[in-house]
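Order of the sequence lines fixes the chain letters, A, B, ..., with proteins taken first and strands second; residue numbering starts at 1 for each chain.
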There are 2 protein chains.
Amino acid sequence: MSEQARPPIARRGRSAKPPLSSRSIVDATLALVRERGVDALTLRQVAERVDTGPASLYAYFANRDVLLEHVLDAAYAEVRLVDTHDGERGWREALAGTIVETITTLARYPGLGSVALGTIPVLPGALRLAEHELALMDEGGVPPGRAALGIDLIAQFAASSAIERSVRLLGGRGDGERQQVRSAYENADPALFPRIRRQAALLTAPDDRARRDFAIRVLIDGIERTAT
Amino acid sequence: MSEQARPPIARRGRSAKPPLSSRSIVDATLALVRERGVDALTLRQVAERVDTGPASLYAYFANRDVLLEHVLDAAYAEVRLVDTHDGERGWREALAGTIVETITTLARYPGLGSVALGTIPVLPGALRLAEHELALMDEGGVPPGRAALGIDLIAQFAASSAIERSVRLLGGRGDGERQQVRSAYENADPALFPRIRRQAALLTAPDDRARRDFAIRVLIDGIERTAT
DNA sequence: CTTCAATCACGAACACTGTTCGCGAACAGT
DNA sequence: ACTGTTCGCGAACAGTGTTCGTGATTGAAG
């Protein structure tokens with residue numbers, strides 16, 4: 001029933017190889033995800049990093065998905081929390097900064113955003129982030145019911161933004177592709193898609209940062225004023 | 001040499017078998033995705049549905065991902081566009097309805113939301129949706145620059161909502177899991193996560209619909225008023 | 001100090017996957 | 001009737017997540 005602490009694992013006689021543990025497996029996986037992304041991650045690579053075979057990982061995690069959930073939480077734990085700095089900064093700016101930090105941290109680990117969207121947050125790293133956001137909204141006088149909806153919305157936005165960004169990073173060709181999309185819009189059928197054709201330039205103009213900042217402003221303003 | 005029995009070779013021209021085409025492959029895949037989801041989809045299943053071998057699919061689509069992009073667009077094409085019905089309904093309500101339709105349509109095809117987040121929309125189904133949203137915002141007097149940011153934000157929100165929803169549907173046990181999450185929050189370390197512990201009930205109270213409606217209101221209000 | 005059962009690491013194997021290759025059948029143009 | 005070309009697709013490949021049985025390594029008992 002209750003999970004007791006795992007006894008220290010004695011290593012086999014020879015070298016002083018570091019002992020296997022969930023912590024070390026998660027850390028190794030996190031590093032691999034940063035280098036290659038979740039999609040390219042294989043359990044064999046993880047096993048090699050911790051100097052064992054793939055079967056050994058199953059003593060610590062039921063399967064690949066469970067391992068990734070813990071890796072995600074380790075990433076959440078790395079997010080720098082921006083606070084109001086004793087009133088120097090407003091709660092809105094602190095919250096916006098925390099959201100940006102969440103996105104950039106997640107985007108550093110390509111594919112983890114997808115894990116985040118499929119997981120209900122219960123591990124400590126995610127709770128830490130949620131607690132901080134609740135505290136900021138509390139400071140801003142946001143009623144708790146709305147704050148509850150707000151942190152869900154923020155988490156969903158941050159995860160999906162990280163996915164979009166890391167896909168664009170891995171896909172490469174950042175600027176060439178935009179030109180390509182723009183010309184696709186400009187050549188769209190004017191009978192079916194007149195606005196897209198006419199506003200092609202405007203539609204492809206904003207860069208990632210502009211979209212992100214606009215979205216964050218929409219979210220925070222909305223959380224502050226929208227009736228529940 | 002046990003296998004000499006090949007099916008009668010009447011394969012060509014006026015054979016009883018319908019000719020292979022991108023359209024028929026996409027349709028077959030769409031049906032399979034609705035039944036089993038993207039993750040469980042294999043090219044062998046698709047090939048079997050169109051009565052061929054997996055290698056033949058590569059004559060029409062460069063790889064699995066490209067096929068899925070076309071499947072996504074076929075799903076977009078199914079989204080029912082809600083309009084203002086000659087002024088009976090406001091543009092906000094029409095836009096909200098269209099967003100809901102997009103989410104429910106995508107959620108009917110588990111896993112397609114992830115494809116949507118990784119794809120820049122250029123195929124006709126996505127353009128049709130974007131054109132409609134642009135028209136509604138135009139009717140509402142939203143300036144084009146803000147509308148451009150708006151459709152991006154809406155697309156991102158719809159895709160990520162569909163992911164969350166279909167994950168929750170496939171994960172099953174909708175209500176039991178919520179109880180579990182709630183008790184996890186209630187038992188959180190009060191020194192580290194006081195608000196989560198105190199507001200556990202509030203945090204787990206809103207259901208999917210409440211969250212979705214709140215989010216849509218935040219988005220539309222924000223798009224209407226937030227400065228660019 | 002020896003013995004023994006329990007624990008746990010992990011090599012090998014399994015069932016599948018997306019993708020490639022090359023043969024051969026079916027056509028169009030001589 | 002004979003090509004040259006196209007293209008469907010069976011078979012094979014490299015690699016995946018996961019399972020299982022084996023054997024090494026242990027703390028405690030004798």
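Taking a pair to require two hydrogen-bonding distances under 3.5 Å in either a Watson-Crick or a G-U wobble arrangement, C:dG29 pairs with D:dC2. In this structure, D:dT22 forms a base pair with C:dA9, meeting either the Watson-Crick or the G-U wobble geometry with both donor-acceptor distances under 3.5 Å.
The 12-atom threshold is not exceeded at CD of A:Glu48, counting heavy atoms of other residues, nucleotides or ligands nearer than 6.0 Å.
Atom pair A:Arg64:CZ and D:dG15:C1' shows a separation of 13 Å (rounding to whole Å applied). For the pair B:Phe61 CZ and D:dC7 C1', the computed distance is 16 Å after rounding to whole Å. Spacing between atom CG of A:Leu67 and atom P of D:dT16 amounts to 15 Å, rounded to whole angstrom units. Rounded to whole Å, atom P of C:dC14 lies 17 Å from atom OH of A:Tyr58. Going from atom CG of A:Leu57 over to atom C1' of C:dC8 covers 14 Å, rounded to whole Å. When rounded to the nearest whole Å, the span between CG of B:Asp39 and P of D:dG17 equals 14 Å.
Between A:Ser56 and C:dC10 there is a side-chain polar atom (N or O) within less than 4.0 angstrom of OP1 or OP2. Residue B:Thr52 places no side-chain N or O under 4.0 Å from the OP1 or OP2 atom of D:dG8. OP1 or OP2 of D:dG8 sits under 4.0 Å from a side-chain N or O of B:Tyr60.
Without hydrogens or angle criteria, A:Arg36 side chain to A:Pro110 main chain gives no donor-acceptor distance under 3.5 Å. Looking only at distances, no side-chain donor or acceptor of A:Arg195 sits under 3.5 Å from a matching main-chain atom of B:His132.
Proximity of A:Tyr109 to A:Leu30: side-chain heavy atoms (C-beta onward) are separated by under 4.5 Å at one or more points. Contact of the A:Leu117 side chain with the B:Leu117 side chain is registered, since non-hydrogen atoms from C-beta on lie closer than 4.5 Å. A heavy-atom distance below 4.5 Å is not found between the side chains of B:Tyr76 and B:Leu127.
Residues from residues 40-49 of chain A that place a heavy atom under 4.0 Å from any atom of DNA chain D, listed by number: A:Leu41, A:Thr42, A:Leu43, A:Arg44.
Base contact: A:Ala55 has a heavy atom under 4.0 Å from a base atom.
The CD1 atom of A:Ile154 sits 9.0 Å away from atom CD1 of A:Ile216, with the distance rounded to the nearest 0.5 Å.
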